[in-house]
2 protein chains.
Amino acid sequence: MAANSRLTVAAHALAWMALVRRNSDEYVTSERIAASVNTNPVVIRRAIGRLRDAGIVEVQRGAGAGCRLARPPESITLREVYDAVADEPLFGFHARRPNQGCPVGRGIQPALAKVYDGVDAAVRAELARTTIADLLIDVLASAWRSTVAEPASDPA
Amino acid sequence: MAANSRLTVAAHALAWMALVRRNSDEYVTSERIAASVNTNPVVIRRAIGRLRDAGIVEVQRGAGAGCRLARPPESITLREVYDAVADEPLFGFHARRPNQGCPVGRGIQPALAKVYDGVDAAVRAELARTTIADLLIDVLASAWRSTVAEPASDPA
DNA sequence: CTAGGGTGTAATCTGTTTAGTTACATCAGG
DNA sequence: CCTGATGTAACTAAACAGATTACACCCTAG
């Protein structure tokens, strides 16, 4: 597992909510989402909390509580989701400060920062091309194909 | 520190070798590079090993041994370096397999894989825009600026 | 042809991070 | 109120990266 599965979990939860939303506008519980993602409800709640702060989902407390998309899935891009759940940059700098007595040690971080900023912008632009609605369509298509192929695939 | 400082360390080492190369074509030891990066020589050797396998640097063993760029720095892009040193994808999937009884659980990974492939291509295209020669120029410019500003900055 | 400085790499230690889990305070609807 | 859910703190466990030690191996200078 790579360091960050947070975007995956958040996208999974949102796709789930988008699917539910097609049938009703009810709130869905963290427990049900966790059952689909196959993790603990608290992990889902942590992700939901960030998505709530970003205005992507609405949370209802009290009895009959749960969570649902705050907006149509067509208006939610993976870039927004990424910004909501990611807190570490893709590439990190030195674990220990490089030698400041060396020109390379002194100039490397500013120089790389520019490159990494460009990479970050490219990543976010690419993620902006996919909405939760797009994702749900692709998810259902993939699930359908795997259902058809299932008899031939391993049952694990 | 974010998960991956490997690209940073490799770029630092290559910038150093590019700088040395401007004055002579001698081999430089992992110990000297480590002193600039401020880490252990073994960490540098591990990075060098991958760069050697990728044909980016040449390593000479025996007495007076060390390592140098195998090609002009203008011909080495950060994309090559990234490909040489990275082994984990940027985004990971679920830690535990999602619920295969749920359409979303079954279709989410193939759907996200397409998105993540696109992101990976975008990252590498962005990194391809910078060569080690470009980086060195920027490193030296940044080091120069920080030298001028040094009297006002903290001496830590 | 040997002495010595360097690479290559395995093994281990340590610190950090993240997912997983438990526990519990809090919040509304019925 | 009671109930079923969220919000969050606290802790555990596992994975991972970097740091370090140790040592086999290599090659060139002398």
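Residue numbers start from 1 in every chain, and the chains themselves are labelled A, B, ... in the order their sequence lines are given, proteins ahead of strands.
Dashed line: the shortest gap from a side-chain N or O of B:Thr29 to OP1 or OP2 of C:dG6 is not under 4.0 Å. Neither OP1 nor OP2 of D:dC27 sits under 4.0 Å from any side-chain N or O of B:Gln60.
Among the protein residues, B:Arg52 comes within range of the sugar-phosphate backbone only, with heavy atoms under 4.0 Å from sugar or phosphate atoms but none that close to a base. Within the 4.0 angstrom heavy-atom criterion, no nucleotide atom of any strand lies near A:Glu31. Residue A:Arg46 is in base contact, counting any heavy-atom pair closer than 4.0 Å across all strands shown.
Of the two residues contacting DNA chain C, namely B:Ala65 and A:Asn38, the nearest-nucleotide position lying further toward the 5' end is that of B:Ala65.
Closest to the A:Arg61 side chain, of the nucleotides D:dG18, D:dG7, C:dG8, is D:dG7.
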- Task: Begin with the C-alpha distance, continue with both residues' side-chain angles, and end with the deciding distance and a verdict on salt bridge (charged side-chain N to carboxylate O under 4.0 Å, His left out) for B:Asp87 and B:Arg6.
- Result: CA-CA 10 Å; B:Asp87 46 15; B:Arg6 288 227 277 268; 2.7 Å; yes
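Whole-Å rounding puts the A:Arg45 CZ to D:dG7 C1' distance at 8 Å. For the pair B:Arg50 CZ and C:dG8 P, the interatomic distance rounds to 14 Å; values are reported in whole Å. One can place CD1 of B:Ile48 at 8 Å from P of C:dG8, the figure rounded to the nearest angstrom. Straight-line distance from the CZ atom of A:Phe91 to the P atom of D:dG18: 13 Å, rounded to whole Å.
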